[in-house]
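Working notes, structure below.
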Amino acid sequence: MSPSPLLHVHAVRKQFGKQVTAAGVDLQVANGEFFTMLGPSGSGKSTILRMIAGLEHPDSGRILINGQDVTDLPPWRRDLGMVFQQYANFPHMTVAQNIAYGLRRRKLDREAVRKRVSELLDLVSLPGFEERPVTRLSGGEQQRVAIARALAPRPRLLLLDEPLSALDEKIRREMQAQLKDIQRVTGTAFVYVTHDQEEALTMSDRVAVLNWGHLVQVDEPHALFRHPRTKFVATFFRGSNVVEGKLVGQGRSSIFECSAFRVALPELPSKFAHPPAVAIRGEDLRINGHPSPEDITFDAVLERVVYRGVYTDYQLRLVDGQVVTASATSGQNLPAGQKVQVAVRPEGITPLQAEPA
Amino acid sequence: MSAAVKRRDLGAAVLLGVPVLLCALAIVVPLVLTLIISFWERQMIGMRPGFSLASYALFFDGARFSVLQRSFWVATSSTLLMLASAYLVAYLITFKLPPSRTRIFLFLLSVPFLVNYVIRTFSWAYLLGRTGPLNQFLQWAGLTSHPIDWLLFSDFAVYLGLVAAYMPFMVYPIWLSLSAIDRRLIEASWMLGEPPLGTFLKVVLPLSLPGVFAAAIFGFVGAFGEVAVSQILGGVGYQLMGNAITSSLDVLNYPMAAAMSTVVVGCMLLLLLLWLRFFDLRLFLGKMLGR
């Protein structure tokens, strides 16, 4: 990352009463990046976004944009764009008036404003919508107007607070693709807040997972998905299994052992989870396959088979009673209740760290 | 159509019909009677049915017409004064008060109405009088050496009385409009570079206009037809429309009183039509009824 990132959130803390919504958060966002903050409700993601916007003031810590400290700057002086969950379009204005709202202070002549508005309506695929009253639009259309409005003054950074969560499933998927396109075309950096893991994985360049005001892990989507760093991250993404066990031996190459299997961990995290645990993705667990020599294999009882369309989930009980779920493309006809052999490649086993406190 | 549906329609018609009939009897009939009587002819101590514009003619070129003009001016200017103060109060309640205190504050605003308004107005006369507490205080504080006369029986007293009588009513519709505004609209405006003053003028004020207009009608209707405040606090000779109408009644000139009332009612109707023209009334009522 360049020496002075576009956005630098430095050691930001915020507390409401007893609830800590940001516990010393550090993050950096580069120019043109699609950065997502992912977390359950109450994880502090929206509060951090609002602090970047200037709508909340951190108790301590600094927020820098292009190296300039904006911590004490009010929202109207930060040159940022924001898209809200419930659109927040001005109901007494037309689509064009909404989009032109942020341009009024730019001292543009009427023709330039008109041009910019139609440019943005093209960008969000609502050409010719200028004179429509904004309240007569569908949810998806309203949100696109809100995005156009936020982008019109060419903000340094666009903040999006769960912008798609008010929309229904089908529109949401279309909008995901469109948002990503808009981000690519404009080259504007996006800071996106969501609780939807799929949204985070499909759109983002990097994802930060938050819990109780802590940044638990910041990574590219595939790294986050394949190699969760803590139990919280592992369980947050559907399809991951956490297996608890114990560590045998000391030093850099310890051996993780549970009742079903033991595995040498090449690289140990500094603060290992307690009790020691590893994460294994469901699709890495292969049932009754042909294990290669380096594979780790163990026995389990197939307890339940759940058909999920493309995939089928197999609930497996290990010898010590822990339950893991393997997923495979449907078609393998395995009856529940029988004993099976399970194989997993060693690199599919990710050691987990302790949660940040 | 099935019998059950017919029966239900009949039930609905009765349910709706009774209040409509009551309204018609209590409001429309007297108004129509007033309109009719305004065209009757005055006799020595009574009136005779007929169609005469004499009362209107007398009203429009007599001294009473200047009372109408004066009423109009007093009502308009006091409404503006009341709007400004009611807006300020409503704004503070909506945006500066913690939500837990909103109810108690709105309740406090209604407390004065527990006292009969003639008595309330008389108490102002006592407070503002030459020997009243206010003048005594001003002299005690050394701000004046002798009692101030213009505190009572003056425009000042009338305006103060009107504000005290109608301003609290006007807070409610404005508060309703303001509290219905989504706070995120304000934040969105800030994010688009508009500081608080600009945000107020471009977002908050326009969105609160339906409430402001409702409040304006409350205030204007009250002030325009006011009788007690002008009589008690304005003193002898301070005449507004309401006083002119009652004094016509005192001398049994019913056609004249009816003609003046008709003109006043006409003005009000015109105002209401203007409101309907500019604001979607249903939108506002919808908000009051919780959508």
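All values reported here derive from a predicted model rather than from experimental measurement. First the proteins, then the strands, lettered A, B, ... as listed; each starts at 1.
Side-chain contact between Glu187(B) and Met82(A) is absent, with no heavy-atom pair separated by less than 4.5 Å. Within the 4.5 Å cutoff, no side-chain heavy atoms of Tyr87(A) are placed close to those of Arg184(B). By the 4.5 Å heavy-atom criterion applied to side chains, Pro91(A) and Leu185(B) are counted as neighbours. With a 4.5 Å cut-off on side-chain heavy atoms, Trp76(A) and Leu192(B) do not count as touching.
Using a 4.5 Å cut-off between heavy atoms, Phe90(A) contacts chain B through both its backbone and its side chain. When heavy atoms are compared at a cutoff of 4.5 Å, Leu159(A) approaches chain B solely by way of its side chain, counted from C-beta outward. Proximity to chain B (any heavy atom under 4.5 Å) is shown, for Leu80(A), by both the backbone and the side chain. Neither the backbone nor the side chain of Ala152(A) comes within contact range of chain B; no heavy atom of the residue lies under 4.5 Å from a heavy atom of that chain. Of the two parts of Pro74(A), neither the backbone nor the side chain holds a non-hydrogen atom closer than 4.5 Å to a non-hydrogen atom of chain B. Interface residue Asn89(A): only backbone heavy atoms are found under 4.5 Å from chain B.
Heavy-atom contacts from other residues, nucleotides or ligands closer than 6.0 Å to CZ of Arg183(B) number more than 12. Within 6.0 Å of CZ on Phe72(B) lie no more than 12 heavy atoms contributed by other residues, nucleotides or ligands. Enclosure of atom CZ in Arg101(B) is not indicated, since only 12 or fewer non-hydrogen atoms of other residues, nucleotides or ligands lie within 6.0 angstrom. With a 6.0 Å radius and a threshold of 12 heavy atoms from other residues, nucleotides or ligands, Phe113(B) has its CZ atom above the threshold.
Shortest non-hydrogen contact noted between Ala88(A) and Ala188(B) is O-CB, 4.0 Å. Residues Tyr101(A) and Thr199(B) approach most closely at OH-CA, 4.3 Å, considering heavy atoms.
Atom-to-atom distance recorded for His92(A):NE2 and Lys202(B):NZ is 10.5 Å, nearest 0.5 angstrom.
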Trace of the salt bridge (Lys or Arg N to Asp or Glu O under 4.0 Å) decision for Arg104(A) with Glu194(B): CA-CA 9 Å; Arg104(A) 295 198 228 185; Glu194(B) 201 65 66; 5.3 Å; no

